[in-house]
**Student:** 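Provided herewith is a single structure, encoded as structure tokens, for subsequent inquiry.
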Amino acid sequence: MLVGCKEKKVEVTDYVSPAPIFCEDSAYAYVAEQCAFGPRVMNSAAHDSCGEYIAQKFKSFGAVVYDQYADSKLYTGTPIKMRNIIASYNPEAPARILIAGHWDSRQWADNDPDEANHNTPIDGANDGGSSIGVMLEIARQLQLANDSNQVKIGVDFICWDAEDSGGSGSESSWCLGSQYWSGVRHIDGYTARYGINLDMVGGSNTVFYREQYSMKYAPSVVDKVWGAAQRIGYEKYFSYDDEGGYITDDHLQVNRGGIPCIDVIGTDTEGNGFPRTWHTLDDNIKHINKETLKAVGQTMLEVIWTEEN
Ligand code: AHN
Ligand code: ZN
């Protein structure tokens, strides 16, 4: 399964990164494994089994895992059982950063070109699966680095539930898991220096522009992440050519909870909106692009490995 990834260090001109190499083949395998459960829609068996898979995977990579279970309601009125999954490295370290993404997938392919599919659940390979795949591979790298004590800061991965069951025109119907967490933390008094939310980080023809709420609430974090990407040669992915839009996403809830947080969210290079597969049946494993996973994952490792303690 873990093939490729033979390079030793990222080297661009005379900069040698202290970070290990992010293995996109592993990240891809973690996306495929999530998709194999079937769509992770709220209240489904596939959802619950995949939640177990994610928690178990982080534990196997040496993280301390917390669960946050909560009841909520979709905007349609359907009651739901949510599970936010939080995986922590160096849980005692006072200096912490937070990396997040949602793990549920949408139960309506309501952006599909074929209207007959609008009530069909999506695999959410990119929309949901890609963020968790990247986070799991970062977690694996943290475990590999553990013996040599390379990373002294604390790193918390938060897998949000119930992000993607919202309705257009109703901001509060999205991001139900992060809304809950922004009020009730998994640990009393939990805080972090800053957060980075990942969303749709595995598509083809993907570019990341500086999202506007991120610029408003956490401009120095945007600089840090985009700067890290430039340093290691991923400036085509983390682009300054354009500005992103204002996007309702889980990072807003983290900001509301008092932790500056940005959103790294994919835009289609050919359109100027979300990836072409967004909320369509094409959001499946066939359309996952390993180079995009690599660009994002390697940039995250660069951020973590260069963060001062
Ligand atoms: C809105 O469409 C309002 N927000 C998009 C957030 C989202 C959905 N990200 C992935 N899927
Ligand atoms: Zn979505």
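Every number for a ligand or one of its atoms is a count from 1 in the order of the listing. Every heavy atom of this structure was used, including side-chain atoms; hydrogens, water molecules and symmetry mates were not. Computed from a predicted structure; not experimentally measured.
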**Student:** A side-chain contact here means heavy atoms from C-beta on lying under 4.5 Å apart; do Thr267 and Phe208 qualify?
**Tutor:** no

**Student:** With salt bridge (charged side-chain N to carboxylate O under 4.0 Å, His left out) as the criterion, how do Arg140 and Glu137 come out once you've worked through the C-alpha distance, each side chain's angles and the decisive distance to 0.1 Å?
**Tutor:** CA-CA 5 Å; Arg140 192 177 72 90; Glu137 171 58 5; 2.8 Å; yes

**Student:** Looking at residues at least two apart in the chain, or sitting in another chain, which of them share a side chain to side chain contact (heavy atoms under 4.5 Å, CB included) with Pro39?
**Tutor:** Val41, Ser105, Pro121, Asp123

**Student:** Heavy atoms, side chains only, cut-off 4.5 Å: are Cys159 and His102 in contact?
**Tutor:** no

**Student:** Under 3.5 Å, is there a donor-acceptor pair between the side chain of Thr206 and the main chain of Ser204?
**Tutor:** yes

**Student:** Going by distance alone, is a donor N or O of one side chain under 3.5 Å from an acceptor N or O of the other, for Asp104 and His47?
**Tutor:** no

**Student:** Quick one: name the protein N/O/S atoms under 2.8 Å from the Zn ion (ligand 2), chain by chain.
**Tutor:**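 Within the sphere that stays under 2.8 Å of the Zn ion (ligand 2), the protein atoms of type N, O or S are Asp127 OD2, Asp164 OD1, Asp164 OD2, His279 NE2.
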
**Student:** Are Arg185 and Trp181 in a cation-pi contact, defined as NZ or CZ under 6.0 Å from the six-membered ring centre and within 45° of the axis?
**Tutor:** yes

**Student:** Which pairs of donor and acceptor atoms, one on a side chain in residues 74-93, lie under 3.5 Å apart (sequence neighbours left out)?
**Tutor:**
unit_1	atom_1	unit_2	atom_2	d
Thr76	OG1	Thr78	OG1	3.2
Lys81	NZ	Asp71	OD1	2.9
Arg83	NE	Asp67	OD1	2.8
Arg83	NE	Tyr69	OH	3.3
Arg83	NH1	Glu52	OE2	2.7
Arg83	NH2	Glu52	OE2	3.3
Arg83	NH2	Asp67	OD1	3.0
Arg83	NH2	Asp67	OD2	3.4
Asn84	OD1	Asp161	N	3.0
Asn84	ND2	Gln68	OE1	3.0
Asn84	ND2	Gly177	O	3.0
Ser88	OG	Asp156	OD1	2.7
Tyr89	OH	Phe61	O	2.8
Tyr89	OH	Ala139	O	3.4
Asn90	ND2	Val151	O	3.0
Asn90	ND2	Ile153	O	2.8

**Student:** Which of parallel (below 30°), tilted (30 to 60°) and perpendicular (above 60°) describes Trp278 and Phe274?
**Tutor:** tilted

**Student:** Are there any protein N or O atoms under 3.5 Å from the N or O atoms of ligand 1? List them with distances, or say none.
**Tutor:**
unit_1	atom_1	unit_2	atom_2	d
ligand 1	4 (N)	Thr248	O	3.2
ligand 1	9 (N)	Glu163	OE2	3.3
ligand 1	9 (N)	Asp199	OD2	2.8
ligand 1	11 (N)	Asp127	OD1	3.3
ligand 1	11 (N)	Asp127	OD2	3.1
ligand 1	11 (N)	Asp164	OD1	3.1
ligand 1	11 (N)	Asp164	OD2	3.4
ligand 1	11 (N)	His279	NE2	3.4

